Amino acid sequence: MNILMLLYKDIPYDARVKREALALAEAGHSVYLACVREFQEPDPFLHKNIHLMRLPISVKSMKAAMAGTNPGQAPKRSGLKRAVVRAARLPLVKILKDYMAYYEFYKKVKNNVRDLKIDTVHCHDLNTLWQGSMLAKDFSAKLIYDAHEIFNEMAGRNELDRFVGYKMEKQLFKKIDRFVTVNPYLRDYLFERNGEKPSVLIQNIPLFSEDMLAGNKAIDWNYTFGEEDTVLLYQGGFSPYRGLDLIVKTMAELPESFKLVMIGSGILKEELMSLAESLGLSDRVFFHDQVPSEDLFYYTQKADIGLVMYEKVSKNNYYSTPNKMFEYLQAGVPAVSSNHPGKSVVIDEYKTGVLAEETTEGIKAGIMEVKNNYEYYRQNCLQARRVLTWEAESRKLAEMYENL
């Protein structure tokens, strides 16, 4: 098949989309992966059957220019720029701006593949489904909706966003041929709202091989910790409602032998750095730049305990199973996680860590429970990584395409 994949962000840091594209390419399909160019990194080579199209979108480019920095970093703006950004965030203006950008993406993708015979359009998340439905009609192709999360419940979505988004999703859901998502909770929630469709669950399990354990890949881990230190890790976006301020505040209540490394980027980074400094934690809380997904394992395995403290402020946070749940256990790193269905589905079944309350006291108690029973939780991680594999998930994806 010729498969057109749509991603409305850049590919270098999206591990799930890379894995799915690679699985289909290895199954013999030709994958045309269209995404938005947000970063200046050169195009990554993924597979001879994967044809990458990183397309500049004017609204995204203007947003980066207004921020005066790279996407994902904390913005630095003048007074005029702040006023313009505030105006652009007005609900109606934001909706119009978003759909203008979506339509630009649709036109650019169509222009890039106009001479091809596209058999299937595979849409990653709701912000590509409108464009994907038009492209599927243009090419008389099958339409697949791959919902990584409950898009309309993500942080930062205002009431108008949600209203329009849910209306659009309900209408477009009627047009899809297959539905893909990450766990049964997300599937059931979206089915309840939109009706049922033939579906496949593809968990967010990273690629892993025993060769990675023997690898001695050079990475820029420039921290020196003592043998008595316990290294805590958060890796991912520095976004609201992920409990990041709670994690930093918890460090003030833990013994000095506990150190925290936060790997990633996002709008809260400078705020978190300031918080750590104000609490006198600059020598115990460290911030590392975002790293490519293929290198993340080598950073993760240097930690002792991983943190996943999403706050229960939306259905998306509540039902999501973040990639990092699996990235931690693959590296043999037990987790302390918020007690939500999408996270307990891993922690409860495989005992790879502790579920904790979303408070500094709860996080501290979870960390100390893992610390005091470390080998038990670590061995459970090592057992779980033999069962939870991308090879098993990728077979489900390949079979879904065989049955189209």
Side-chain angles (χ1 to χ4, degrees), residues 9-19 21-23 25-26 33 35 37-48 50 52 54 69-73 204-238 247 257-266 269 272-273 276 282-308 322-335 374 378 381-382 384-386 388-391:
K9 57 182 178 179
D10 211 345
I11 192 62
Y13 300 101
D14 198 306
R16 179 183 175 90
V17 175
K18 286 181 188 176
R19 289 195 301 268
L22 186 59
E26 289 178 342
L33 204 170
C35 65
R37 179 180 286 278
E38 295 180 289
F39 303 102
Q40 297 309 309
E41 285 94 332
D43 292 357
F45 175 77
L46 302 175
H47 190 278
K48 65 179 183 179
I50 298 177
L52 187 58
R54 296 171 73 196
T69 186
N70 290 326
Q73 294 181 344
N204 280 327
I205 302 175
L207 289 165
F208 174 78
S209 69
E210 294 295 326
D211 293 340
M212 293 167 65
L213 300 175
N216 191 24
K217 188 167 186 175
I219 57 172
D220 58 344
W221 182 272
N222 300 318
Y223 311 114
T224 302
F225 300 118
E227 290 186 7
E228 73 285 357
D229 289 332
T230 300
V231 181
L232 309 177
L233 175 69
Y234 170 83
Q235 44 100 331
F238 294 164
I247 290 171
S257 58
F258 285 80
K259 306 297 192 293
L260 171 64
V261 178
M262 304 185 80
I263 300 177
S265 64
K269 186 168 187 176
L272 293 167
M273 293 173 73
S282 296
D283 59 342
R284 294 176 54 210
V285 178
F286 306 92
F287 294 85
H288 193 290
D289 289 341
Q290 187 175 16
V291 301
S293 56
E294 58 268 22
D295 294 341
L296 196 52
F297 173 85
Y298 302 100
Y299 290 86
T300 304
Q301 69 176 348
K302 292 185 176 295
D304 297 304
I305 299 172
L307 301 171
V308 194
N323 287 18
K324 59 181 69 65
M325 300 290 296
F326 301 105
E327 289 160 348
Y328 291 151
L329 72 84
Q330 282 187 342
V333 175
Y374 193 73
R378 176 171 164 77
C381 290
L382 301 181
R385 77 182 182 194
R386 296 173 183 162
L388 297 167
T389 67
W390 176 248
E391 286 72 23

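Model, not experiment: these values are computed from the prediction.
Taking the charged nitrogens against the carboxylate oxygens, Glu294 and Lys18 do have a contact shorter than 4.0 Å, which makes a salt bridge. Arg37 and Asp10 are not joined by a salt bridge, as no carboxylate oxygen comes within less than 4.0 angstrom of a charged side-chain nitrogen. Note on Asp289 versus Lys269: salt bridge recorded, some NZ/NE/NH1/NH2 to OD/OE distance being below 4.0 Å.
Contact annotation: the side chain of Ile219 approaches that of Tyr299 to within less than 4.5 Å [non-hydrogen atoms, C-beta and beyond]. The shortest distance between side-chain heavy atoms of Met212 and Tyr298 falls below 4.5 Å. Proximity of Cys35 to Val17: side-chain heavy atoms (C-beta onward) are nowhere separated by under 4.5 Å. Side chains of Tyr374 and Ile305 form a contact here, defined as non-hydrogen atoms less than 4.5 Å apart. Using a 4.5 Å heavy-atom threshold, the side chains of Lys217 and Asp295 count as touching. With contacts defined as side-chain heavy-atom distances shorter than 4.5 Å, the pair Tyr223/Phe225 qualifies.
Put simply, CD1 on Ile247 and CG on Leu272 are 9.0 Å apart, with the number rounded to the nearest 0.5 Å. Note: Ser293 OG to Gln235 CD = 10.5 Å, rounded to the nearest 0.5 Å. In this structure, the separation between CD1 on Ile11 and CD on Glu41 is 12.0 Å, given to the nearest 0.5 Å. Remark: Leu232 CG to Met262 CE distance equals 10.5 Å, nearest 0.5 Å. The CD atom of Glu327 lies 9.5 Å from the CG atom of Leu233; values are rounded to the nearest 0.5 Å. One distance of note links CG of Leu296 with CD of Gln330; it measures 10.5 Å at 0.5 Å rounding.
No donor-acceptor pair closer than 3.5 Å links the side chain of Arg378 to the backbone N or O of Val333. Under the 3.5 Å distance criterion, the side-chain polar atoms of Tyr234 are left unmatched by any main-chain donor or acceptor of Leu260. Side-chain N or O atoms of Arg16 include none that pairs as donor or acceptor with a backbone N or O of Asn323 at under 3.5 Å.
Residues Asn204 and Pro206 approach most closely at O-CD, 3.5 Å, considering heavy atoms. Residues Ile263 and Trp221 approach most closely at CD1-CZ3, 4.4 Å, considering heavy atoms. Scanning all heavy atoms of the two residues, the minimum distance from Phe287 to Ala276 falls at CE1-CB, 4.4 Å. Closest non-hydrogen pair, Ala21 versus Leu33, comes out as CB-CD1, 3.9 Å. Considering all non-hydrogen atoms of both residues, Pro12 and Arg54 come closest at CG-NH2, 3.9 Å. Between Leu307 and Tyr328, the closest heavy-atom pair is O-OH, 3.1 Å.
For Asn222, the side chain to side chain contact (heavy atoms under 4.5 Å, CB included) test picks out Asp220, with sequence neighbours left out.
Between Tyr13 and Phe39, the ring planes are perpendicular. Angles over 60° get that label, and only those under 30° would be called parallel.
Among Thr389, Leu388, Leu213, the single residue meeting the side-chain contact (heavy atoms from CB on, under 4.5 Å) criterion with Phe208 is Leu213.
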